Amino acid sequence: MDTHPTFSCADELRHWPTDETRARAVQDRLRTCVRLDESGPPPGFAGTVVGVDVAYDDARNVVAAAAVALDAQTLAVVDEATAVGEVSFPYVPGLLAFREIPTVLDALTRLTRTPDLVVCDGYGLAHPRRFGLASHLGVLTGLPTIGVAKNPFTFRYEPPGPERGATSPLLDRDGVEGVDEEVGRALRTQKGVKPVFVSVGHRVGLDQACAHTLHLAAAYRLPETTRAADSLCRRALARA
DNA sequence: GCGACAG
DNA sequence: ATCTTGTCGC
């Protein structure tokens, strides 16, 4: 009578790296498990989209994570969960997953339903080793994931058109002329506001990732999943 | 060596 | 991420 969704990543958690060298080795190993051949749940599907986010209190060395499930069609909140832990990895650009994922997984497993799609704060494929937070969380859980970031990180892009829904390719910084690879997309979710940066995580295509993001960002620049998770983890941190 | 860098 | 006041605008 276990109603909690379970994920087969206990082994990875037991062997969680504590230094940068081993962390990069983990990324290089797990990268081969990412599935980029599935388009994922179609826009407008009947199910839940879960947003995850984390907040920190450096002074107390405490981290709080939140997972909020929204009805994919109405965007109504249907479930939410939080988890509190100890900060166990420093912020290192390119290694964000090792700082955030343990507590995020804890919160995810406290949901009463299995997510159909998970939206992360940060990147997936758009990553120095093509294995960002969203990719990592996807491989560990097996769930379809995407990343929606607020900043272009190390990538370059031309500003998308001014209208909501306009996109432009997110390109690797050191791409040589003519061989640039599109690692994600800058997506204008609201007219006249800075774009967000979308990349695929696991088992979702880039077109679908952008479509989901646009649908989730019907009212504000950021997806409702991100806004709800951000708000909840801050509240959880405050009472921790 | 220097700069830059999701959250 | 987090530290932080007022202020401009719908």
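Each chain gets a letter, A, B and so on, in the order its sequence line appears, and its residues count up from 1. The structure presented is a predicted model; accordingly, all values stated were derived computationally and were not measured.
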TODO: Could you state the atom-to-atom distance from CD1 of A:Ile146 to P of B:dA6 in whole Å?
DONE: 19 Å

- [ ] Tell me whether the OP1 or OP2 atom of B:dG7 has a side-chain N or O from A:Lys150 closer than 4.0 Å.
- [x] yes

Open item on the list: Categorize A:Gly94 for me: base, sugar-phosphate, or nothing, with a 4.0 angstrom heavy-atom threshold over every strand shown.
Closed with: base

Open item on the list: From the set B:dG7, B:dA6, C:dT2, return the single nucleotide nearest to any side-chain atom of A:Leu237.
Closed with: C:dT2

Task: Distance, rounded to the nearest Å, where A:Leu133 contributes CG and C:dA1 contributes P - done: 13 Å

Task: Between B:dA6 (C1') and A:His127 (NE2): distance, integer Å - done: 9 Å

TODO: Kindly state whether the pair A:Tyr91 / B:dG7 counts as stacked, where counting means centroids closer than 5.5 Å and planes tilted less than 30° apart.
DONE: yes

Task: Contacting residues from residues 53-60 of chain A, given that a heavy atom lies under 4.0 angstrom of DNA chain C - done: A:Ala55, A:Tyr56

Open item on the list: Any non-hydrogen side-chain atom of A:Tyr123 less than 4.5 Å from a side-chain atom of A:Phe153?
Closed with: yes

- [ ] Describe the nucleic acid contact of A:Leu170 in one word from base, sugar-phosphate, nothing, applying a heavy-atom distance below 4.0 Å.
- [x] nothing

Open item on the list: Using the side-chain heavy atoms of A:Arg234, tell me which of these nucleotides is nearest: B:dA6, C:dA1, B:dG7.
Closed with: C:dA1

TODO: To the nearest Å, give me how far apart CG (A:Leu96) and C1' (C:dA1) are.
DONE: 9 Å

Task: Strand contacts (DNA chain B) in residues 158-166 of chain A, 4.0 angstrom heavy-atom criterion - done: none

Task: Test side chain to side chain donor-acceptor pair (under 3.5 Å) applied to A:Arg235 and A:Ser231, step by step - done: CA-CA 6 Å; A:Arg235 277 176 275 147; A:Ser231 165; 2.9 Å; yes

- [ ] Check the surroundings of atom CZ in A:Arg221: do more than 12 heavy atoms from other residues, nucleotides or ligands lie under 6.0 Å from it?
- [x] yes

Task: Gap between atom OG of A:Ser135 and atom CD1 of A:Ile146 - 0.5 Å precision - done: 12.0 Å

Task: Contact check, side chains of A:Tyr157 and A:Leu171, non-hydrogen atoms, under 4.5 Å - done: no

Open item on the list: Is any side-chain heavy atom of A:Leu30 closer than 4.5 Å to one of A:Thr32?
Closed with: no

Open item on the list: In whole Å, I'd like the distance from the CZ atom of A:Arg156 to the P atom of B:dG3.
Closed with: 22 Å

Open item on the list: What is the separation between atom CG on A:Asn151 and atom P on B:dC5, rounded to the nearest whole Å?
Closed with: 9 Å

Task: Over-ring placement of A:Arg185 relative to A:Phe197, 6.0 Å and 45° cut-offs - done: no

- [ ] Could you state the atom-to-atom distance from CZ of A:Arg99 to P of C:dA1 in whole Å?
- [x] 11 Å

Open item on the list: Rounded to the nearest 0.5 Å, what separates atom CG in A:Leu117 from atom CG in A:Leu143?
Closed with: 9.0 Å

- [ ] Take the protein atom CG of A:Asp172 and the nucleotide atom C1' of B:dA6, then report the distance between them rounded to whole Å.
- [x] 14 Å

TODO: Please determine which of A:Leu216, A:Val148, A:Thr213 meets the side chain to side chain contact (heavy atoms under 4.5 Å, CB included) test together with A:Thr225.
DONE: A:Leu216

